[in-house]
Amino acid sequence: MDGAVLHAIFDVAAWLCAAAAGWWLARFGGVSFPRQSTEWPYIAALVFGAGLGAYLFGTLNLWLSGMAGLARSVEGALAGGIIAVELYKWRHGITLRTGARFALPLAVGVAVGRIGCFAAGLDDFTYGTPTALPWGHDFGDGIQRHPVQLYESLAMASFAAAYIVAVIRRNAAVIASGFYLALLVYGLQRFVWEFLKPYGPVVGPFTLFHLLSLAIAAYALAMLATAPQSKVTHERAAA
């Protein structure tokens, strides 16, 4: 099957799995979240920011790597969505933290979606640099490369599993700060894998996504450091 078709299939699967993860949290995980995160203006700001960020950062990275065209980026979408939502909350005076419901869907979506990037091969421009390691993968050009897409998939799947255990154990602190924990894990693991990608550097050895990964991790740390103390109320953990 064509790589682009496989990529599209896994993109759809990623969205479906993310939605299922969110449904499980509310239906079986017994977790309640702020209503603001499901209001249409909030969702519109999130979708607009994510879409803009995906193409802005994805395309800019492509150009910085000496290639023409348009590209999308998961990390760009994440950064754009964060900026858009924070601006929306600031504009409407919302001080309540609203990201908790997206922790598990984010981790699951990335874990599944990155498999599609792996299946897409060289055309996706998410492959790794050459390696002599036994698990190196030939994406079609006869060169064994780091399957960095699978590295990222495994990292986020591991976070998702740990988060599910925390929900089952009713760990209110993890539930309430789950989104920022997911961002921290995502930013740090992505920063590491960027050293194994053939992207053009921006500052020294660091690529655009190195810098974006650090920015996301810094944002997550700041939010975690200022997080209000969480506690379980009866049988439901408010997030």
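Predicted model, so just to flag it, every value in this text is computed and none were measured. We count residues from 1, following the sequence as given.
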For this session: Using the side-chain hydrogen bond (donor to acceptor under 3.5 Å, both in side chains) rule, collect all pairs that involve residues 34-50, keeping only residues at least two apart or in two chains.
Result: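 Applying side-chain hydrogen bond (donor to acceptor under 3.5 Å, both in side chains) to every pair that reaches into residues 34-50, excluding sequence neighbours, yields R35-E39, S37-R101, Y42-T98.
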For this session: Return each pair, listed once, that meets side-chain hydrogen bond (donor to acceptor under 3.5 Å, both in side chains) where at least one residue sits in residues 151-161; pairs must be two or more places apart or across chains.
Result: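 Non-adjacent pairs meeting side-chain hydrogen bond (donor to acceptor under 3.5 Å, both in side chains): R114-E152, W135-Y151, H146-Y151, E152-Y186.
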For [X] against [Y], the heavy-atom pair lying closest together:
X	Y	answer
A157	A111	N-CB, 3.9 Å
P198	G128	CD-C, 4.4 Å
Y88	P41	OH-CB, 3.3 Å
A45	A84	O-CB, 3.2 Å
V148	T126	CG2-O, 3.1 Å
G109	A14	O-CB, 3.4 Å

Are [X] and [Y] close enough that some pair of their side-chain heavy atoms sits under 4.5 Å apart?
X	Y	result
H7	D124	yes
N171	V167	no
I164	R169	no
V110	L78	no

Problem set entry | Within 45° cone and under 6.0 Å: R97 NZ/CZ vs F179 ring | no
Report all side-chain donor-acceptor pairs from residues 209-222 shorter than 3.5 Å, counting only partners two or more places apart or in another chain.
from, atom 1, to, atom 2, distance (Å)
H210, ND1, T207, N, 2.9
H210, ND1, T207, OG1, 3.3
H210, NE2, F191, O, 3.3
S213, OG, E75, OE1, 3.4
S213, OG, E75, OE2, 2.7
S213, OG, F209, O, 2.6
Y219, OH, E86, OE2, 2.5

Side-chain donor-acceptor contacts of residues 46-63 below 3.5 Å, not counting sequence neighbours, with atom names and distances?
from, atom 1, to, atom 2, distance (Å)
T59, OG1, Y55, O, 2.7
T59, OG1, A71, N, 3.1
T59, OG1, A71, O, 3.3
W63, NE1, G69, O, 3.1

In terms of hydrophobic clusters joined by side-chain contacts under 4.5 Å, are [X] and [Y] together?
X	Y	result
I168	F33	yes
W15	F10	no
L183	L224	yes
L188	L196	no
I175	V108	yes

For this session: With sequence neighbours excluded, give me every ring-ring contact (aromatic ring centres under 6.0 Å, His included) pair touching residues 99-125.
Result: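 Qualifying pairs: F118-H137, F118-F139, F125-Y127, F125-Y199.
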Residues that, via side-chain heavy atoms closer than 4.5 angstrom, fall in one hydrophobic cluster with [X]:
X	answer
L154	none
I143	none
L16	V12

For this session: Starting at CG of L104, measure out to SG of C17 and round the result to the nearest 0.5 Å.
Result: 10.5 Å
Exercise. Excluding sequence neighbours, so at least two apart, what forms salt bridge (charged side-chain N to carboxylate O under 4.0 Å, His left out) with D138?
Worked result: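 D138: no salt bridge (charged side-chain N to carboxylate O under 4.0 Å, His left out) contacts found.
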For this session: Kindly write out the residues that satisfy salt bridge (charged side-chain N to carboxylate O under 4.0 Å, His left out) with K197, not counting sequence neighbours, or none if the list is empty.
Result: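 Scan of K197 (salt bridge (charged side-chain N to carboxylate O under 4.0 Å, His left out), adjacent residues dropped) gives E194.
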Problem set entry | Partners meeting ring-ring contact (aromatic ring centres under 6.0 Å, His included) with W23 (sequence neighbours left out) |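 So W23 forms a ring-ring contact (aromatic ring centres under 6.0 Å, His included) with F28.
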Problem set entry | Pairs where residues 15-28 contributes a residue and the test salt bridge (Lys or Arg N to Asp or Glu O under 4.0 Å) is met, not counting sequence neighbours |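 Qualifying pairs, neighbours excluded: none.
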